[in-house]
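Below is one structure, written out as structure tokens; the observations come after it.
Letters A, B, ... are given to chains in the order of the sequence lines, protein chains preceding strands, and every chain is numbered from 1. As the structure is a computational prediction, the values presented were derived from the model and not from experiment.
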Amino acid sequence: MSIFLAQLLTGLAYGMLYFMIAAGLTIILGVMNVVNLAHGTLFMLGAYIVFTFISDELNFWIALLISVLLTAVLGIILEKLLIKHVYGKELEQVLLTFGLSFIIADVVKWIWGTEMQTLPVPALLDASLSIGEMVFPLYRLFVVFIGCLLALLLWYLESKTRIGAIIRAGVDDRAMVGALGINVGLVFTGVFAFGAALAGLSGALGGPLIGMYTGMDNEILVTSLIVVVIGGLGSWKGSFISAILVGVIETFGKVWFPSLSMLIVFLIMMVVLIIRPQGLFGREVA
Amino acid sequence: MKKIFIYTVLLILLVLAMPLVLSDFGINLATEIYIMSIFAMSLGLIMGYAGMVSLGHAGFFGIGAYTVAVIGQYVSNSYLLLLISVVISGLTALITGVVFIRTSKFYFLMITLAFGQLLYVLFWQLKPWTGGADGMSVSAILNLGFGEILSPNAFYYVMGVAFIIAYILLRLFVESPAGKITKGIMENEARMSALGYNVRVYKLLAYTLSGALAGFAGSLYSYFNVFVSPDLSSWTFSGQVMVMVIIGGVGTLFGPAIGASVFICLQNFISTYTERWPMIMGAILVILVLIGKGGIIHWLRYFKDIIFLRKQTDEGAPQNQVKKEEVVN
């Protein structure tokens, strides 16, 4: 039982991580209609930035903040400089973000090398919570907590604020939002930067959980794409549910069928698509 | 049909003439280019004639390659082995395609990406059969009834012939009624549906054909490279093939083959000078996208128009300028 609960917690922590990444991906997709294939590399970059600043004897939390800020700034630069030119051009977006992911991944390889690195768990959370016989690593609980907090924040932003209203309107009808006098370009830049920052944040939080190695960007990108597909395009609520689903199932899959965990997740995606081609919470695509 | 015949003859002459001028290194490079061209043409078919952008096409390539590597240990007949590869990859495309093509374009992209990566992970994790991350060497030897094919020249001619056959097959499909209907679906799905065509069947047909051809390319690669690894199915490889298609030109059959040639030559050339090939490839890609003037084959056609049809381009030129301004705005 205690092993089961510990696994469940691990699954939830991974799920929250996937949610944070997928939320950025799905918001960018929903509002801007851009599949950001460089999202995984931004995640990786976030982890490596924290790694660098921690090596400089900085506090984990400050390093995390720097990581989020830097990825957000990078997001702004990328959107203003490059992504801006390919709105509405599906194939170009794919190529551009694919090229970007190659460049960023190679820069990371250049700066930090190819050896596997680990991020230490921050001292404050480097402990375990024991309830009776059960022991829960505090850091995993913390990641779950942050994930839930983020979900709440997104819900609040989306349904209670003006920015949220603009973004919801943008998903429905971009041209109309522009016609109402809202600076769509600015909204897009903001959304892209927000998505990039989310990737940076999840990279920073995920570093101590999954370690850092070449190829992590691809793994995380594929998993978060699956999360988005199961959840439904542009719906972060769907992403939340499906991220938990994928995280938990993947974790248990790794325990029970070590070599087939990816296949199980993939089969779930296939089943969801057969029943609901638009994803669990997605709307019918016109 | 006459035009196809002329092109095919030209192509055969080119394939035959190349070894006269190439060194051993060049022959090996050309052989690899033929294989990658088949692969790129298979992706070019669904991208340019069916409007399906797949980022998991390397999955089929990997299936073909691993079929030769794994089943080749028990089956020695090359024809049979190639047939098995094509059938397995084609069937996989058919089964997955039934689900995949129900979805819209963004979904299709993401799902195919996940599918390719799934195969990558499977090849990685099924270590007892595939050798895991270390890959496995291929024991099967290509023998098409003229003795074992081992020398670079022999490989060159086999792959050259395979390339020509693949080109002719694709050309026949594209010119056939089914191919034209598929293209019609790409241009206006609702209209073709209203005209009474079963849209999904034609898309599925193109996807299956494309998957089978990619598997064929993969099995040839397995013979040629005598070593396979999970990387053959990674999504970055899928992406690279897509880059080949784009460099060459989407919407044409021969464009992807040109793209593959340029890509592989560049890759070999740049890799000898620097380890930073991925970065350079990424930069080339970004620049190509920002210039946004189609692929090489489109440029060639443009130059051809300038040379042969001066009058038409005079009228055409201002139109191009207008288009450019539109893009800027």
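- Residues A:F188 and A:F192 keep their aromatic ring centres 6.0 Å or farther apart.
- Contact annotation for B:F100: only side-chain heavy atoms (C-beta onward) come within less than 4.5 Å of a heavy atom of chain A.
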For A:T52 and A:W112, run side chain to side chain donor-acceptor pair (under 3.5 Å): C-alpha distance rounded to whole Å, both residues' side-chain angles, the deciding distance at 0.1 Å, then the answer.
CA-CA 9 Å; A:T52 304; A:W112 288 283; 2.7 Å; yes

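- The greatest number of non-hydrogen atom pairs below 4.5 Å with chain A, out of B:I111, B:L118, B:V121, is found for B:L118.
- Taking A:L221, A:L95, A:V265 one by one and counting their heavy-atom pairs under 4.5 Å with chain B, the maximum is reached by A:L95.
- In this structure, no portion of A:I104 lies under 4.5 Å from any heavy atom of chain B.
- No other option in B:L126, B:L55, B:I246, B:V53 has as many heavy-atom pairs under 4.5 Å with chain A as B:I246.
- Using the six-membered ring where Trp is involved, B:F123 and B:Y66 have ring planes that are parallel, under 30° apart on the 30 and 60° scheme.
- Relative to the six-membered ring of A:Y14, A:K254 meets both conditions, a distance below 6.0 Å and an angle of at most 45° to the axis.
- For chain A, the nearby part of B:V99 is the side chain; its heavy atoms alone come within less than 4.5 Å.
- Side-chain atoms of A:E250 and A:Y18 include a donor-acceptor pair closer than 3.5 Å.
- Side-chain contact check for A:Y213 and A:E219: at least one donor-acceptor pair (N or O, by modelled atom type) lies under 3.5 Å.
- Looking at A:L263, the atoms closer than 4.5 Å to chain B (heavy atoms on both sides) sit in the backbone and in the side chain alike.
- For the residue pair B:S210/B:H57, the side-chain donor-acceptor check at 3.5 Å is satisfied.
- Interface remark: B:S234 contributes no atoms to any contact with chain A (heavy atom separation under 4.5 Å).
- Ranked by heavy-atom pairs shorter than 4.5 Å toward chain B, the options A:I226, A:L100, A:V94 are led by A:V94.
- Checking B:T112 against B:W235 by side-chain atom types alone, no donor-acceptor pair falls below 3.5 Å.
- For B:L109, the part lying near chain A is the side chain, with the backbone staying farther off; criterion is any non-hydrogen pair under 4.5 Å.
- For A:S101, the part lying near chain B is the side chain, with the backbone staying farther off; criterion is any non-hydrogen pair under 4.5 Å.
- Contact annotation for A:M269: only side-chain heavy atoms (C-beta onward) come within less than 4.5 Å of a heavy atom of chain B.
- Proximity to chain A (any heavy atom under 4.5 Å) is restricted, for B:V250, to the side chain, taken from C-beta onward.
- Using a 4.5 Å cut-off between heavy atoms, A:V86 touches chain B through its side chain atoms alone.
- Side-chain polar atoms of A:Q7 and A:T251 form no donor-acceptor pair below 3.5 angstrom.
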